[in-house]
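Written out below as structure tokens is the structure these notes cover.
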Amino acid sequence: MSAPNAFDEQARRKLAEREHPFDEAAWTAMQPALDAQRNDRRRRRLLLWIPFLVGIGAAGWWLTREQEPSTRATVPPAATEQQVTAPEVTPVLEEAEPVNATASEPNALAEQITTNDQPSSPAQEKGAAASTKKRGPIPPQQAARPITRPNAVKPASAVTIVPAPSTIASISATDPIEPVAIAASAPAPSTASPSSDPNSTPEGSVSSANSDEPGMPNVVAGSTPEYKPTADVVTPPVVLPDSAVAEASPAPVVTKDTLHLAAASDSSDYVADTRPAIDSNLTAAMAARKLELSVWGGFFRSTTDYTGDLTNDWASRVSSAGSSAFGVELMHQGRYFGYGSGLHFTSYVEQLESDRVQEESRRIVTDHYLDPVDTTILVVNGTVWLNGQQYYVTQMLDTTVYVLVTTTSEEVSTNVRRNALSRSNRVSYLEIPLLVEAHLRRGDWSFGVRGGPMLGILQGRRGSLPTANGYTDLTDEAFSELVLGWSLQGHVRYHFAEHWSVAIGPALRGQLQNTVQTTGLNRRSNAAGGVLSIGYYLP
Amino acid sequence: MVTEALIARCREHDRKAQYEMYRALYGMMMGICSRYERDRQEATARMNQGFMKILTQLDRRRPEVPFEAWARRIMINTVIDAFRRDKQRRELESGEPLQDQSGDPQVNDYLAHMEAEAFAQLLTRVPTMSRNVFNLFAVDGYAHHEIAQMLGISEGTSKWHVSNARSILQRALGALSKNNQRTVAS
């Protein structure tokens with residue numbers, strides 16, 4: 001602290017005596033800085049949202065990419081049914097030497113399907129035992145190319161499956177791994193049942209050539225993919241423990257065509273080669289699970305409700321007015337549902353009609369004035385005596401007399417406190433919605449509803465609000481920077497190209513919170529209208 | 001009077017509340033800035049700069065600190081920071097301490113009776129560095145080591161500036177006092 005000094009103390013006191021009357025010009029100079037600060041704050045907030053939105057987009061994209069392989073392996077119910085009801089054929093299981101199936105030697109596994117699961121049931125154990133016998137040569141034209149699975153290399157239970165024409169093999173497993181049905185697409189002249197004679201298969205087929213050997217199973221796939229061994233037929237269970245197969249649900253079906261698999265080293269190739277067998281329903285299902293980017297714009301009729309004590313003196317009417325909104329949305333679309341987010345720029349507009357506010361004061365005023373009246377008066381000038389008689393001497397004189405008149409009047413004075421005003425108020429928000437969607441697709445058309453909560457960031461406001469004595473500019477009102485809202489939008493969408501669609505539908509949006517912070521005043525806006533959107537399914 | 005409710009509204013960026021606070025603090029802020037700045041426009045600009053700092057730092061204020069004292073300190077720091085940034089304006093006067101006439105009762109008596117505005121005008125005649133150091137030391141109550149730290153000078157230099165400012169002011173006041181006596185005598 002400074003040491004006391006008489007001069008310093010005097011100087012301090014003298015300077016403290018100075019008065020600085022408030023200068024409005026200084027505040028006017030201050031306002032641009034405050035506006036700049038406000039804009040800066042908004043910009044910073046927006047920048048904070050960008051990583052969030054990018055994160056959401058990246059997560060959605062990643063999720064979509066993750067789901068694609070499993071989607072391809074999924075066979076829709078219609079496709080499964082079609083395969084199961086195919087002509088029944090008899091499988092021929094041929095024993096082979098255990099094969100060391102590795103990814104590095106795919107060609108060594110030609111004409112073999114190698115599995116690695118140990119039998120878990122007696123039937124499977126029998127099958128495993130039976131599979132140790134060699135069945136003889138395989139006609140080259142009937143030889144299937146291998147399904148190679150790098151993780152299926154346990155040679156102890158290696159089984160080779162050789163499909164023959166008109167042959168269908170239904171293989172069931174009792175372990176947790178999904179059963180696999182292997183079917184040939186060629187039509188079969190006869191149908192075999194699990195208990196039928198193995199010789200019933202056509203001549204020339206591999207099955208027929210080997211049918212006299214005991215223990216050879218003739219397994220027929222029916223509608224129920226269940227393994228039923230007969231007394232004299234030992235059917236080796238075949239389980240294909242492939243991860244891709246295990247993921248497939250319901251039971252994956254491999255047709256003859258699909259058995260024309262190149263010696264591949266991973267399951268993704270397997271999936272790729274099964275793609276031609278998937279029917280158009282599956283394609284549609286695949287198409288339904290994509291990221292959709294849509295841009296929309298629309299016109300709304302917005303309504304703003306003002307409540308609170310401050311509105312008692314308003315003497316104004318607030319009516320709805322036209323407004324516009326537009327936005328961009330990124331949705332992760334499933335078969336029936338979707339979710340996502342986006343950015344909307346919305347304006348809520350209201351028409352304000354304010355009456356003129358004036359005060360009238362009345363008072364009774366009493367006026368006194370002199371009213372001039374022209375008249376003739378008789379003036380007595382004197383008296384004279386004539387014949388003992390006194391006479392007055394008079395003179396007629398024209399003059400004006402003033403008559404005092406008193407009047408009363410009512411004086412009305414009008415003090416105009418506020419002029420009438422008609423203007424549109426506009427408040428704009430940048431809204432970040434959290435959207436969910438339900439939709440139903442029929443051919444090229446889809447119908448849906450999309451909506452959810454939104455976080456609105458105040459962007460700008462224009463207009464004025466009435467007060468008892470005038471108007472306040474909206475920019476001087478304390479508005480909440482962040483407002484929670486909602487949106488709901490129905491749509492009819494037409495998919496006019498593989499990736500493109502256009503939609504139209506009604507839309508509602510509104511605010512859930514009071515948007516001003518002035519005590520005694522509540523403001524909340526809603527809007528209803530229609531939007532047109534163009535959607536693009538990201539590849 | 002700046003109430004806690006007003007401060008809370010300012011923290012919510014309520015423009016009306018900001019205006020109320022500006023009005024309430026105007027006298028104090030302008031008093032500080034006009035002492036440090038010669039030009040009134042510059043003083044206004046500096047005051048607005050300081051008020052913006054007050055608004056932006058409202059969240060950091062500890063509630064136990066009196067608001068006006070806190071705002072005063074921010075305002076002084078703003079003015080001094082601006083002065084330090086503007087290095088060309090810094091006057092590196094130094095030299096022998098001038099004769100201190102603080103004990104002269106005639107000067108002090110004249111000062112006690114003169115117009116505050118006239119003394120403020122007199123203060124503007126003092127070189128900037130000396131005026132700022134004098135303001136910080138004599139009016140705002142900072143110690144020499146604090147002033148030295150704030151302005152990046154030594155304590156000795158700070159003392160010299162205070163003495164220099166006093167000397168200039170007292171000489172001017174003495175001259176004014178003599179002129180005044182002559183006028184009264186004639």
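Note on naming: letters A, B, ... go to the chains in the order of the sequence lines (proteins, then strands), and numbering restarts at 1 for each one. Computed from a prediction, not measured in an experiment: that's the story for all the values here.
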Checklist entry - For B:Met28, is it the side chain, the backbone, both or neither that has a heavy atom under 4.5 Å from a heavy atom of chain A? => result neither
Checklist entry - Is any NZ, NE, NH1 or NH2 atom of the basic residue among B:Arg15 and A:Glu477 found under 4.0 Å from an Asp or Glu carboxylate oxygen of the other? => result no
Next on the checklist: For the CZ atom of A:Arg12 and the CZ atom of B:Phe134, what is their distance to the nearest 0.5 Å?
Outcome noted: 11.0 Å
Checklist entry - Is atom CZ of A:Phe22 surrounded by more than 12 heavy atoms (other residues, nucleotides or ligands) closer than 6.0 Å? => result yes
Next on the checklist: Is B:Tyr19 in contact with chain A via its backbone, its side chain, both, or neither, using a 4.5 Å heavy-atom distance?
Outcome noted: both
Next on the checklist: Heavy-atom pairs under 4.5 Å with chain B: which of A:Glu24, A:Glu9, A:Glu17, A:Glu19 has the most?
Outcome noted: A:Glu24
Item to check | Flag, side chain of A:Lys14 to backbone of B:Met114, donor-acceptor distance under 3.5 Å | outcome: yes
Next on the checklist: Testing the basics here: between B:Tyr26 and A:Ala26, what is the closest heavy-atom pair and its distance to 0.1 Å?
Outcome noted: CE1-CB, 3.9 Å
Checklist entry - Between A:Arg18 and B:Glu115, is there a salt bridge with N-O shorter than 4.0 Å? => result no
Next on the checklist: So which residue, B:Arg23, B:Lys16, B:His144, B:Glu117, ends up with the most heavy-atom pairs under 4.5 Å with chain A?
Outcome noted: B:Arg23
Item to check | Option in A:Thr472, A:Asp476, A:Asp23 with maximal non-hydrogen atom pairs under 4.5 Å from chain B | outcome: A:Asp23
Checklist entry - Which distance, rounded to the nearest 0.5 Å, do you find between the CG of A:Asp40 and the OG1 of B:Thr56? => result 11.0 Å
Item to check | Residue from A:Arg38, A:Arg41, A:Glu481, A:Gln517 passing side chain to side chain donor-acceptor pair (under 3.5 Å) with B:His13 | outcome: A:Arg41
Checklist entry - With a 4.5 angstrom heavy-atom cut-off, which part of B:Leu123 approaches chain A: side chain, backbone, both or neither? => result side chain
Item to check | Close side-chain approach of A:Met30 to B:Met52, heavy-atom, < 4.5 Å | outcome: yes
Checklist entry - Is any side-chain heavy atom of A:Leu34 closer than 4.5 Å to a side-chain heavy atom of B:Leu55? => result yes
Checklist entry - Tell me, side chain or backbone of A:Asp473 under 4.5 Å from chain B's heavy atoms, or both, or neither? => result neither
Next on the checklist: Below 30° counts as parallel, above 60° as perpendicular, anything between as tilted: where do the rings of B:Tyr22 and A:Trp27 land?
Outcome noted: tilted
Next on the checklist: Sort by residue number and list every residue of residues 416-428 of chain A having at least one heavy atom under 4.5 Å from chain B.
Outcome noted: none
Checklist entry - What are the two closest heavy atoms between B:Ser34 and A:His20, and how far apart are they? => result OG-CE1, 3.4 Å
Checklist entry - Non-hydrogen atoms of chain A under 4.5 Å away: do they reach the side chain of B:Leu173, the backbone, both or neither? => result side chain
Item to check | Part of B:Gln18 within contact of chain A (heavy atom distance under 4.5 Å) | outcome: both
Checklist entry - Going by an N to O cut-off under 4.0 Å, is there a salt bridge joining A:Asp8 and B:Arg166? => result yes
